[in-house]
Amino acid sequence: MRFNLSSTALSSRLLTLSKVPNSKNSMAILDCFRFGVHNNQLTLTASDNENVVWNVLNLDESDGEGDFCVNGKTIINAVRELPEQPLSIDVNFDEMKIYINYQNGNYDFPIHSAEEWPQLAPVDDNAVSLTISAEALLGSLSRSLFATAQEELRPVMNGVYFDLTPDCLAIVASDGHKLVRNQNFAVRSDNPASFIMPKKPATLLKNVLSKDGGDVVIRFDGRAAEINYGDGVLYCRLIEGRYPNYNSVIPSDNPNTLTIDRKILLSAVRRMLPFASDTSELIRFHLETGKLELSAQDIDFATNAKESITCDYNGVSMDIGFKGSSIVEILNNLESDSVIVELADPSRPGVIVPDEQPENENITMLAMPMLLEN
């Protein structure tokens, strides 16, 4: 079997797929990529036995069809340093070897039988299906992943929650200290359904999506999800369990509102953090009409910091504490020039939203308050 394709096209796809296998896999064959040549197309597949990603490349020329596996490190090292040029690849199934010919040289190394490749059960034929634009999905995942937890006792918190309702598709993540809710009102269903995608496949999906990638089709049942995007497919097993009622923790009545330049607030919080306690990272927000005062201290090391910022604040005078790193992460994952911080009282979470919401979307981020000592 012989086929020709671009060196950079092959290299870029392999580098993307290289993030799928684990550093130590349960099966030796998972250290490989699976190659499948059919109908003048090359299908590249990588798996860790729970997540599978496959991409399709159109071939310049092909003679013969077949499937085989190649060690991932070997093939990546062989092609990643090659400049853009056509590659001629010969596969000899009798010798179980692959021959890669390029302009100034050639490689040859062993291949493995594709029959060893593990097969995962497909998503059920009666699976729930939804369609969302790649741009909207990419934005929601990019804003949400930082808020996922790493808990052994509550694994449901370790993923991104997709909640399809008659009103919208909500994509949610929370670690108990902060929460992100992305609502897309262009995607909804009269039959509510939901699933929890683990952090690893959600990160893989974020890395392969592009803003101009068209529509993404997600099919899921109670066990697994299959995501079709552009020229690739991601299959992943889902986290089983019931996700907490995220809407119940978002205060609905927040009469005290602070509107402030996002980058100014972000920089100020970053300046306070080195002076806060390493364990709590507590930063005090003192709010009064037209002014925000940030302060931090570490009693153990006798450090103090204080900074005042002019802002637009409408509400009662208030002192409220937040974990500085959580505020930094929230502000880093918003893109608007200004943000609105909605507050009820010092014991209830602060709601942070962009001053302008994307079309057909609503982005809400939440930071839990911390106890202040007088």
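We count residues from 1, following the sequence as given.
- For R2, the CZ atom sits in a loose shell: 12 or fewer heavy atoms of surrounding residues, nucleotides or ligands are nearer than 6.0 Å.
- Taking every heavy atom of both residues into account, K200 and K19 meet most closely at CE-O, 3.9 Å.
- Remark: the N184 side chain and the E361 side chain contain no N/O donor-acceptor pair separated by less than 3.5 Å.
- Checked for salt-bridge contact, R223 and D221 meet the test: a charged N lies under 4.0 Å from a carboxylate O.
- Separation of the Y107 and Y99 ring centroids does not fall under the 6.0 Å cut-off.
- For N247 (side chain) and I250 (main-chain N/O), no donor-acceptor pair under 3.5 Å exists by modelled atom type.
- If you check the side chains of R143 and N182, you find a donor sitting under 3.5 Å from an acceptor.
- Atom CD of E151 has more than 12 heavy atoms from other residues, nucleotides or ligands within 6.0 Å.
- Side-chain contact of D345 with S347: a donor-acceptor pair under 3.5 Å is present, judged by distance alone.
- Closest of all the heavy-atom pairs between L30 and D48 is CD1-C, 3.8 Å.
- Considering I98, N101, I100 as possible partners of D90, the one that fulfils the side-chain contact (heavy atoms from CB on, under 4.5 Å) test is N101.
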Derivation of the side chain to side chain donor-acceptor pair (under 3.5 Å) call for T148 and N158: CA-CA 5 Å; T148 55; N158 299 343; over 6 Å; no
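- Looking at N256, its side chain does come within 3.5 Å of a backbone N or O of A344 through a donor-acceptor pair.
- Aromatic pair Y161/F195: ring centres not closer than 6.0 Å.
- Formation of a donor-acceptor pair under 3.5 Å by the E65 side chain with backbone atoms of N39 is found in this model.
- Listed for the S18 side chain is a donor-acceptor partner under 3.5 Å among the backbone atoms of L15.
- At a cut-off of 3.5 Å, with distance as the only test, no side-chain donor of T165 or D163 sits close to an acceptor on the other residue.
- Between E84 and S6, the side chains place a donor N or O and an acceptor N or O closer than 3.5 Å (distance only, hydrogens not considered).
- Listed by chain and residue number, N25 satisfy the side-chain hydrogen bond (donor to acceptor under 3.5 Å, both in side chains) test with D31 (two or more places apart in sequence, or in another chain).
- Using modelled atom types, no side-chain atom of S11 and backbone atom of S7 make a donor-acceptor pair closer than 3.5 Å.
- A donor-acceptor contact under 3.5 angstrom links the side chains of N40 and S62, judged on distance only.
- No more than 12 heavy atoms of other residues, nucleotides or ligands sit less than 6.0 Å from atom CG of D125.
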